[in-house]
Amino acid sequence: MSAAQRTAELSNLRFSLLLALPVLVFLLLVVAYPLGYALWMSLHEISFFGGYKATFVGAENFSDVIDDRKFKKSLWITVRFTLESVALAMVIGLLIALVLNRKMRFAGLVRTIVILPWCISLYGTGVIFSNLAKGQTGIGTAIAYALGFDEAVNVVNRQWVIEVLAVGNAWNMAPLVAFFLLANLKTIPSRLYDLAAIDRMSRLETFLNVTLPPLRFTLFVFTCITTVLSMKLFDFIFVLSGGGPGTASSTLTYRIYKESFKDLDLGYGAAMSFMLLALILGTTLLLYAFWGRREARSI
Amino acid sequence: MRIRLSTIWSWLALAVVVIWTLLPIYWFLKNSLLTPDEIARFPQPLYPLEPTPAAFFNIFGFEYEMADGLVRRGSGQANQIIRGLGNSLIVSAVVTVVTLFVVLPLAYVFARLDFPHKNKLLFAILLAVALPPVSTLIPFYAMYVRLGLSGTLVGLIIVTLTITIPFVTWMLIGYFRNLPQVERLARIDGFSRFETFVKIIVPLGRSGVAVAAVIAFLFSWNEYTYALLLVNGTTANTLPTAISGFLFQHPEPSHLAAAVVLTMVPPALVAFFLQRHIAEMNLVDPVR
Amino acid sequence: MKLRATAMAVAGSLMLMSGAALAESGLEAQSGETVFFRGWQYKTDIVQDNVDRYNNEQGGNVDYATVTGDYPAIMEQNLMAGAELDVLYANPSQAGRYFDGGWIMPAEALPNIDAIKADMYPNILDAWSYKGQLLGLSYFVSTRGVMHVNLEKYYELGYSDADFPADWDALYDQLYEMRDKGLDQPFLPHWINEWYGISWGFDFEVMNRGGQVAHPDTHAPLLTTDADGAAYKTLEDWKRIWNDGLVPEEVLTYNESSYIDAYASGRYVFSPQQLYDLETFNREDRSQIAGHASLLPYQGQSWGLLDSAVYLMTSRERSDAQTDDVKRFASWYGYQDQTGNVFVGNRWMQESMLFSGYKSVMESDAAAERMKSALAREQDIAAVLGVYAATPYPKGIWSVVWAEEFNSWLKETLQEFLQDDGDIVETIEAINEEIVDLNKKYGL
């Protein structure tokens, strides 16, 4: 190792610290505090009523959560919802990006339209999709009647409610994915496409060999991002289905909300939050281990 | 022949994308132009039969006289809507600016430089991203009550920054990695590290910066979970919680729809101006 | 415009009747501090208008806003945190808990409390009193779960008024007849996803069938598991109509607005709805069944339960001067204005046919006139008053500190009972156990 490289490294560190340290300290404060507080809560049984009381119960909340039938059901719902949401959001996002990357007239207008779903709050998306999918107000019913059938088409039911949620969630997230992929697509030098044409590559080959490689890292990052977003999603579900019908769409976030805010069992809710946090981190790290690491190396 | 076929396909693809995007919005927003008795119809009409802009007046507290002389009264939630609009604009503007200032250097450092403990710090950011708002709500709430920050805009801005900063950082890291390796060249040209970042990297990554700004703006503009608990019913109420008032109890679907239109306008404007950065940027191999 | 003129005329005549009674009233705000008034969303334009009137005429500084989401839970958090909150809406099922939490100042603190109590119907006074104290002032009283009937559809199916079911059993039988006549889903049940939804639906059906969920004084569980018991028959019928697809599944996800809009669309024949929404359903500009929205009369069995809400005053830390202003506003808003008129109460009657806890509102000529114009038929007035007079109040599970906790648990239990095809006896036993546990938790 030469002396020049050593100084470069040192100044790398210093420069990085200079830029990053203040932010990291801020993050640490505002993240560590709630996290510590939640940990403390999860080890206590807390009651507000008739004066604030916190009794230390050790890991009891955690073992109760693990035995909880409703927790297991919610866990499964979260996994199913996340898988569907991520798959839909990534595929649709990629397709949108490819469509937008073509030269066309009114490109600005089209781009503005396409980003609209991401402009609508999750609250608004919830209202929109509940209006769209319910038999009473839904578009399915209106079309069915227009075609001469006289039966309401309702998809907010036990069978399909999670798919409705996943489609709505993907609808909301896909533009985000698309725009980042688009920004990346724009960084692909056009001469690479010229070269591909010279090599007489087919469309598919061009896509796989020229378009896809620079996108792969972004795809990985956004798979993680959409996974995390889906797993911690709450307001959209709260508005669209309220965890229902019954408990058919009670994701972990909804269950935590219910335990903590409706039943005011804060310790139990906090313990469940840690399970959710573990699930989110675990999934992300697995994604990194099996996919991200490879992408990171290949760059 | 081949060209024409591919043109048809690309138009078709474009049409599908536009329909996919607009259909759900249309189906809901047509409610804003319907009269209450049209909304109560089953099945709902495919389009407004007698479109009326009454709801847009009503949500700002103005009454509107219909053609048949019936007066649609202004909503009692108009004060909340107007106040919420102002609050949301303030919060979003501040959060966007602060986020950009903070995140750009952070993402750059993580994306382009190697330094000890980088992975651990990255993990800390990931942790911040992964925290679900439902679980940090109570701690924040307790802390805010103690610090006197609940029901204030400052409190809401801080809590929103804890969402936007880690998130946008995480997104930008991937983007910055893909920028061409210009640091060495910049060095040779005599730029300092800081100059390299400000004068070369940021302009080079304009489109990423633009998208980052849009995202920070939208996150704060649309934040609902924290606002629901921290500012709901106070003078610091933001637009999303203010409009959610149209949903419960007494049905005013047209007011709700009109209010949702209202919430879409500023982000759509922001998106429109910023998406042009991406379009104008024909970044083709600057190292050539 | 016309409505307001009527309201003013009513106000004028009442003023003459009970005028000078509150000469010393002094309802004018004095402290200059803001009074925070919060509620759920019901016709907020009227509320804002009322508040504006107080602010203009009495120099008030009242800030009105609504709270969204799970109202009881969010309110409880605000009270716990000592948030800026002075006057709020509450159902009696929350009011008792707030009182036990030490967060509210009972209406007993008002100077004119004796006059207020004297004007209240005794059964209402009883429902709103907790541990011997009147907690709040009248917002509205209603019967929730009145069996609404869409006459147009009902007649179309070949029925007449003589066929009106007298009780729940007869109603369910008729639903099956209707299905055989080709109407697949004649019934929109009270199974909505609100805190007052499916669980209240169970509460009132049990009471209508002559059962009791818990003892009114000891709060001990009273449901029985025998096949003739009210709870058993309720769950049995629910299971039957659910499994036979006589009701739309999406009702489990409805909020109040969707529930009202769905019935207003005219798809259904029967639905247990709010009594005052007869007015909504009979409005041309809101409903597709205007002029046909009627109700099943009292024929020996009650329908629904006594739903009501009060204005509560909080006991948060504030100056005495401000507390006095809170009392002045609460008194003006929840009882009589500076002219001695129950202004807000009368206005709600005129606007939406909301019933009041006050005799002076209910027994006025204007109220009778209003009811007549809000209903589809002349004879419905007698039906409304008959059903209303027979309405039971679930004191055992509402006038108790765990009311909302139980309610939220019951909601989920019942939703699961339907969806997972639960066992009837086991469900009833679980309900009783939950009540025992809650009594133990709070030392009752």
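Convention: sequence-line order gives letters A, B, ...; per-chain numbering from 1.
For CD of A:E151, the number of neighbouring non-hydrogen atoms (other residues, nucleotides, ligands) closer than 6.0 Å is 12 at most.
Using a 4.5 Å cut-off between heavy atoms, A:I115 contacts chain B through its side chain alone, with no backbone atom that close. Only the side chain of A:T218 comes within contact range of chain B, with at least one heavy atom under 4.5 Å from a heavy atom of that chain. Only the side chain of A:V99 comes within less than 4.5 Å of a heavy atom in chain B; its backbone stays farther off. Residue A:V177: no heavy atom, backbone or side chain, is found under 4.5 Å from chain B. When heavy atoms are compared at a cutoff of 4.5 Å, A:T284 approaches chain B solely by way of its side chain, counted from C-beta outward.
With chain A as the partner, the residue from B:V159, B:L137, B:V103, B:T263 showing the most heavy-atom pairs under 4.5 Å is B:L137.
The heavy-atom pair separating B:T21 from A:I113 by the smallest distance is CG2-O, 3.2 Å. Of all heavy-atom pairs between B:P132 and A:L276, the closest is CG-CD2, 3.5 Å. Between B:W27 and A:I139, the closest heavy-atom pair is NE1-N, 3.4 Å.
In this structure, the ring of B:Y224 has its center no less than 6.0 angstrom from the ring center of A:F236.
With a 4.5 Å cut-off on side-chain heavy atoms, B:I215 and A:W118 count as touching.
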Could you walk me through whether B:F42 and A:Y145 pass the ring-ring contact (aromatic ring centres under 6.0 Å, His included) test, one step at a time? CA-CA 9 Å; B:F42 180 82; A:Y145 272 72; 5.3 Å; yes

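Side-chain atoms of B:W20 do not come within 3.5 Å of backbone N or O of A:I92 as any donor-acceptor pair. Not a single donor-acceptor pair under 3.5 Å links the side chain of A:K232 to the backbone N or O of B:P133.
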